[in-house]
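A quick write-up on the structure given underneath.
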Amino acid sequence: QLDGRPRPLSFKASAIVLVADGEADDSNIQGLTKLDVPMINGLKQRARVLDIQKRDTWTNVEELYGKCAVVTCTVLLICCGYREPLMWQDALELASKLLAPGGLFLQYDTEKYGGFADVKKMKKFVAIKSLGLKLKVRSEPVQYYDDDGRMFIVVWQKEEN
């Protein structure tokens with residue numbers, strides 16, 4: 001989709017090719033090589049520097065404010081929660097800016113830090129900051145690892161104007 005040619009999205013298994021070292025024939029590797037250059041160039045053109053904790057970098061994605069149908073944030077707290085347990089709040093604030101009305105923000109993370117997945121705490125934060133997000137889903141633990149704590153999926157929807 002990155003080369004600008006219109007075509008329908010395909011999520012069929014037949015459209016997905018996994019290539020591991022030494023496990024693919026030459027035709028698969030050649031096919032991927034032809035696709036990689038335009039895809040990589042397209043990604044490079046769209047790449048932006050963004051640090052969720054450095055709000056001055058948020059302006060690097062300002063042109064996307066109010067235009068995104070879906071925003072995701074996964075395992076942020078697993079990676080950095082030990083040093084900044086409330087990073088999930090920054091993610092909610094930025095997602096609120098990025099989402100178009102009706103858009104969805106999907107979070108997948110550990111409940112181990114800062115009250116993530118605590119519905120009462122999260123809704124209170126959203127209300128205090130007037131983020132215009134409505135909680136749609138809070139899953140029961142999806143996975144459980146002793147070190148990471150229980151993992152939850154939380155989905156928010158941007159309210160219509």
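As a basis for the values below, the full set of heavy atoms in this structure was taken, side chains included, without hydrogen atoms, waters or symmetry mates. Count residues from 1 along the sequence.
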Worked verdict on Ile52 versus Trp58 for side chain to side chain contact (heavy atoms under 4.5 Å, CB included): CA-CA 7 Å; Ile52 195 73; Trp58 292 15; 4.3 Å; yes

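In this structure, SG on Cys73 lies 12.0 Å from CH2 on Trp88, to the nearest 0.5 angstrom. A distance of 9.5 Å separates CD in Glu63 from CG in Leu98, rounded to the nearest 0.5 Å. To the nearest 0.5 Å, the span separating NZ on Lys112 from CD1 on Ile78 amounts to 7.5 Å. Once rounded to the nearest 0.5 Å, the distance linking NZ of Lys136 with CD1 of Ile153 reads 16.0 Å. Rounding to the nearest 0.5 Å gives a distance of 5.5 Å between NZ of Lys158 and CG of Leu133. Here the CZ atom belonging to Phe152 is positioned 8.5 Å from the OG1 atom belonging to Thr110, to the nearest 0.5 angstrom.
Hydrophobic clustering, with ILVMFWY side chains joined whenever heavy atoms are under 4.5 angstrom apart, groups Leu50 together with Met87. Two different hydrophobic clusters hold Leu135 and Val70 under the rule that ILVMFWY side chains link at heavy-atom gaps under 4.5 Å. Under the 4.5 Å side-chain heavy-atom criterion for Ile, Leu, Val, Met, Phe, Trp and Tyr, Tyr82 and Phe116 are members of the same hydrophobic cluster.
Among all heavy-atom pairs drawn from Glu84 and Leu77, the shortest one is O-CD2, 4.2 Å. Considering every non-hydrogen atom in both Leu131 and Glu93, the closest pair reads CD2-CG, 3.9 Å. A pairwise comparison of heavy atoms in Trp156 and Val154 identifies NE1-CG1, 3.3 Å as the closest pair. Closest approach of Thr72 to Phe105, counting heavy atoms only: C-CE1, 4.1 Å. Counting all heavy atoms, side chain and backbone alike, Gly115 lies closest to Lys121 at CA-CD, 4.0 Å.
A donor-acceptor distance shorter than 3.5 angstrom exists from the side chain of Asp109 to the backbone of Leu76, with no hydrogens or angles considered. When atom types are taken as modelled, the side chain of Thr57 and the backbone of Asp51 share a donor-acceptor pair closer than 3.5 angstrom. Side-chain atoms of Arg83 never come within 3.5 Å of backbone atoms of Gly81 as a donor-acceptor pair (strictly under, hydrogens ignored). Looking only at distances, a side-chain donor or acceptor of Arg138 sits under 3.5 Å from a matching main-chain atom of Ala117.
Within the 4.5 Å cutoff, the side chain of Leu92 has heavy atoms near those of the Gln107 side chain.
Screening Lys54, Lys129, Arg55 for a salt bridge (Lys or Arg N to Asp or Glu O under 4.0 Å) involving Asp90 leaves a single residue, Arg55.
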